[in-house]
There are 2 protein chains.
Amino acid sequence: MNISGAARATGLPAKTIRYYEEIGLIRPQRTANGYRHFRDSDIHKLTFLGRARALGFSIEDCRRLLALYEDKARASADVKRLAEEHLAQIADKIAQLRGMQATLRELVDQCAGDHRPDCPILRDLANG
Amino acid sequence: MNISGAARATGLPAKTIRYYEEIGLIRPQRTANGYRHFRDSDIHKLTFLGRARALGFSIEDCRRLLALYEDKARASADVKRLAEEHLAQIADKIAQLRGMQATLRELVDQCAGDHRPDCPILRDLANG
DNA sequence: TATAGGCATTCCAGCCTCTGGAAGGTCAAG
DNA sequence: CTTGACCTTCCAGAGGCTGGAATGCCTATA
């Protein structure tokens, strides 16, 4: 399977697949003409990566997850710890966004939103 | 006031202040020796920028907000629209994070987290 | 006056994760 | 033999800083 097939099979853009090879997440073989050749195991890994990325894991976390995935003597505790740390980061981000959301929602609700210049949003940004 | 004073006054790192000048958000004067000189209006703008960034507005949004802030003939509707669009983006991000959170939480809860290799998290990543 | 230190300046590189585009090689169909 | 769809590599840019190097200025003290 060449790169466009791998892209179709995994849902990842070809550019992204090349990038993942460049940073050493996958090592597809090459055919005589220099084209990448993706085996089933490469497709599996790419799919794995796509799902892990969709769950918000960083590339470095993905690298670790992939290593655990391939290590048949892994401890599930190691996977769980990674996932829990990531969950904590997600929770942090959500909390931060909710803070912004609450503040901004309040300001927006107070703003007349008409042709006049007076604006509580700008006032708040200017004066705290 | 020189750059370290401006940094203290606004809570922004000096590096960030230089960057904001580089991209044209502020235009501090220069003294004879080439040092930046920050007037009160510059400090106000930097403070404004710091608050807008803290609410998650992009740099380009900040540029627009600053322009509206300085335009005494603005319509508050323009500010409100910007803020509402940003609110929508925040809501999108939160929804996306919550999706990840729900999925990952479920997987983590199913994982024994012990010394054995069997792991629902990896299974899910591998097989959907 | 020499020196030390703490400021300031500019410029370049890197973070993260791709994404777009240019310039060129390869392959199958007509 | 050409066309068009692939493939390759390499370079640049996105956003928003952040770190570091090399260099210059200013002030205080010995």
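Here is how names work: the chains are called A, B, and so on, in the same order as the sequence lines, proteins then strands, and each is numbered from 1.
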Practice task
Send over the distance from B/Ile3 CD1 to D/dG24 C1', rounded to a whole Å.
Solution key: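 Checked: the CD1 to C1' distance equals 16 Å.
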Handout entry: Whole angstrom value for the distance that separates P of D/dC7 from CD of A/Gln29
Key =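 Result: 17 Å.
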Could you pull out the closest heavy-atom pair between [X] and [Y], with the gap in Å?
X        : Y        : value
B/Phe38  : B/Ile3   : CE1-CA, 3.5 Å
B/Leu97  : A/Lys93  : CD1-CB, 3.8 Å
B/Ala6   : B/Leu46  : CB-CD1, 4.4 Å
A/Ala75  : B/Asp114 : CB-O, 3.4 Å
A/Lys80  : B/Cys111 : NZ-O, 2.8 Å
A/Ala126 : B/Phe48  : N-CD1, 3.8 Å

Exercise for the section: Can you establish whether the number of heavy atoms outside A/Glu106 located under 6.0 Å from its atom CD is more than 12? Expected result: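 Open.
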Practice task
For A/Arg116, look at atom CZ and say whether over 12 heavy atoms of other residues, nucleotides or ligands are found less than 6.0 Å away.
Solution key: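 Check fails, neighbour count at 12 or below.
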Problem - Charged N-O contact under 4.0 Å between A/Glu21 and A/Arg18 - result: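 No, A/Glu21 and A/Arg18 are not salt-bridged.
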Handout entry: Worked verdict on B/Asp42 versus B/Lys45 for salt bridge (Lys or Arg N to Asp or Glu O under 4.0 Å)
Key = CA-CA 5 Å; B/Asp42 295 313; B/Lys45 280 198 211 175; 5.3 Å; no
Handout entry: Selection: residues 36-60 of chain B, any non-hydrogen atom under 4.0 Å of DNA chain C
Key =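 Nucleic-acid contacts, sorted: B/Arg36.
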Exercise for the section: With the side chain of A/Asn33 defined as its heavy atoms from C-beta on, choose the nearest nucleotide among D/dC6, D/dT9, C/dT26. Expected result: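 Of the candidates, C/dT26 comes closest.
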Exercise for the section: Could you check which of C/dT19, C/dA8, D/dT8 has an atom nearest any side-chain atom of A/Pro13? Expected result: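 Nearest to the side-chain atoms of A/Pro13, counting from C-beta on, is C/dT19.
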Handout entry: In one Ile/Leu/Val/Met/Phe/Trp/Tyr side-chain cluster, 4.5 Å: B/Ile17, B/Tyr35
Key =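 No, B/Ile17 and B/Tyr35 fall in different hydrophobic clusters.
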Problem - Any A/Ser4 side-chain N or O less than 4.0 Å from OP1/OP2 of D/dA5 - result: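 So the side-chain polar atoms of A/Ser4 never come under 4.0 Å of the phosphate oxygens OP1 or OP2 of D/dA5.
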Handout entry: B/Arg30 side chain near C/dT10 phosphate (N/O to OP1/OP2, under 4.0 Å)
Key =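 B/Arg30 to C/dT10 OP1/OP2: side-chain N or O found under 4.0 Å.
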Handout entry: Helical bend (five base pairs per end, nearest 10°) for the helix from C/dT1-D/dA30 to C/dG30-D/dC1
Key =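 One end's axis against the other's: 40°.
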Problem - Members of residues 15-22 of chain B that approach DNA chain D, where some heavy atom sits under 4.0 Å away - result: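 Listed by number, they are B/Lys15, B/Thr16, B/Tyr19, B/Tyr20.
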Practice task
Check every strand shown and say whether A/Ile23 touches a base, only sugar-phosphate, or nothing at a heavy-atom separation below 4.0 Å.
Solution key: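 Since no nucleic acid heavy atom lies under 4.0 Å of A/Ile23, the category is nothing.
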